[in-house]
Protein chains: 2
Amino acid sequence: MTENFGDDRDLIAVFKALSNSARLQILQWLKEPEKNFSMQDAADVREVGVCVTLIQNKVGLSQSTVSQYLAELQKTKLVSVTRLGQWTYYKRNEKGIAALAGHIKRNL
Amino acid sequence: MTENFGDDRDLIAVFKALSNSARLQILQWLKEPEKNFSMQDAADVREVGVCVTLIQNKVGLSQSTVSQYLAELQKTKLVSVTRLGQWTYYKRNEKGIAALAGHIKRNL
DNA sequence: AGAGTATATCTGTATTTCCCGATATGTCAA
DNA sequence: TTGACATATCGGGAAATACAGATATACTCT
């Protein structure tokens with residue numbers, strides 16, 4: 001059991017993270033990274049994720065805002081992070097998302 | 001198909017409604033009304049729901065706040081309303097909640 | 001070391017949400 | 001019709017959120 005939502009506070013933080021169209025949109029786009037982001041080396045996009053700058057260009061908000069939003073999505077276990085060199089790659093945390101869906105179905 | 005969440009705005013409104021501990025708590029309490037609320041005529045509680053005053057006493061917020069919160073839960077189809085005489089009874093909208101859970105599982 | 005790029009963090013302002021008291025509306029009972 | 005009760009709506013102050021720009025941090029290349 002890696003996810004539990006034991007505290008209501010955790011669950012509320014997740015709902016808050018999802019209560020913003022930019023954050024929700026990013027989560028949707030990350031379902032098909034190679035389709036939604038124009039990356040040069042589309043090599044291991046699915047594996048490692050998408051870097052902040054690409055997400056920023058797509059969503060059209062400032063760099064600082066996007067960085068903060070991604071951090072929020074990560075704290076709530078909706079995305080995961082990989083640092084490689086000077087880049088930070090974000091991708092969906094399918095385990096965390098499934099855990100949320102399961103919890104909602106069972107306990108909401 | 002009574003529920004669809006076609007627009008992202010609808011989904012965001014639902015997440016916003018769930019992003020508050022009082023509203024989330026009310027939704028939980030309404031899973032077992034006869035257990036969580038002390039009503040005199042526990043006759044058709046499951047059928048009709050719980051009146052605003054009982055919910056207000058339990059949650060400990062002002063009457064106006066509780067009324068607004070319940071309206072928000074209703075607009076997002078998380079609870080349903082029945083007016084009987086001078087009372088307004090609220091109960092969980094299990095269909096709406098299940099529709100949300102399904103949508104999240106499928107599309108989030 | 002120094003410049004350039006990618007990202008995170010800090011600080012501040014505009015907007016939104018939280019929650020209240022006051023007031024309006026609607027129902028019931030005398 | 002008057003008064004009591006249940007609920008809804010209105011208006012506002014305090015707190016939180018949404019974003020931005022400036023700056024800090026970290027890595028890369030020369």
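In what follows, every chain begins at residue 1, and chains take the letters A, B, ... in the order their sequences are listed. For the numbers below, each heavy atom of this structure counts, side chains included, while hydrogens, waters and symmetry mates do not.
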Would you name the heavy atoms of A:Val48 and A:Tyr89 that are closest together and state the gap between them?
->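 For A:Val48 and A:Tyr89, the tightest heavy-atom pair comes out as O-CB, 3.2 Å.
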
Could you give the start and end, 5' to 3', of the contact zone on DNA chain C for chain A, using atoms under 4.0 Å from its heavy atoms?
->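 Footprint of chain A along DNA chain C, 5' to 3': C:dG4 to C:dC10.
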
So does A:Lys75 have more than 12 non-hydrogen atoms from other groups sitting under 6.0 Å from NZ?
->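 12 or below, so no.
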
Does the pair B:Leu61 and B:Gln56 meet the rule for a side chain to side chain contact (heavy atoms under 4.5 Å, CB included), with working shown?
-> CA-CA 6 Å; B:Leu61 293 172; B:Gln56 186 204 334; 6.0 Å; no

Full working for side chain to side chain contact (heavy atoms under 4.5 Å, CB included) between B:Phe37 and B:Asn57 | CA-CA 9 Å; B:Phe37 301 93; B:Asn57 291 340; over 6 Å; no

Whole-Å gap separating C1' (D:dA16) and CD (A:Glu72) |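 Distance, rounded to whole Å: 12 Å.
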
In whole Å, what is the span from the CG atom of B:Leu61 to the P atom of D:dA14?
-> 19 Å

Verify whether one side chain among B:Ser64 and B:Ser67 offers a donor that lies under 3.5 Å from an acceptor in the other.
-> no

Neighbours of DNA chain C within residues 16-28 of chain B, by heavy-atom distance under 4.0 Å = B:Lys16, B:Asn20, B:Arg23

Could you tell me whether the side chain of A:Gln28 reaches within less than 4.5 Å of the side chain of B:Asn107, counting heavy atoms only?
->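 Sidechains of A:Gln28 and B:Asn107: no contact.
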
Any side-chain heavy atom of B:Trp29 within less than 4.5 Å of one from B:Val59?
-> yes

Please collect all salt bridge (Lys or Arg N to Asp or Glu O under 4.0 Å) contacts where either partner lies in residues 99-108 of chain A, sequence neighbours excluded, each pair once.
->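 Passing the test, one end in residues 99-108 of chain A: no pairs.
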
How does each nucleotide of nucleotides 4-9 of chain D score, in 5' to 3' order, for protein heavy atoms under 4.0 Å: base (B), sugar-phosphate only (S), or none (-)?
-> -BSBBB

Would you please name every residue forming a side chain to side chain contact (heavy atoms under 4.5 Å, CB included) with B:Val81, sequence neighbours left out?
-> B:Gln74, B:Thr88, B:Tyr90

May I have the list of side-chain donor-acceptor pairs in residues 12-20 of chain A shorter than 3.5 Å, sequence neighbours left out?
unit_1  : atom_1 : unit_2  : atom_2 : d
A:Ser19 : OG     : A:Phe15 : O      : 2.6
A:Ser19 : OG     : B:Phe15 : O      : 3.4
A:Ser19 : OG     : B:Lys16 : N      : 3.3
A:Ser19 : OG     : B:Ser19 : OG     : 3.1
A:Asn20 : OD1    : A:Ala22 : N      : 2.9
A:Asn20 : OD1    : A:Arg23 : N      : 3.1

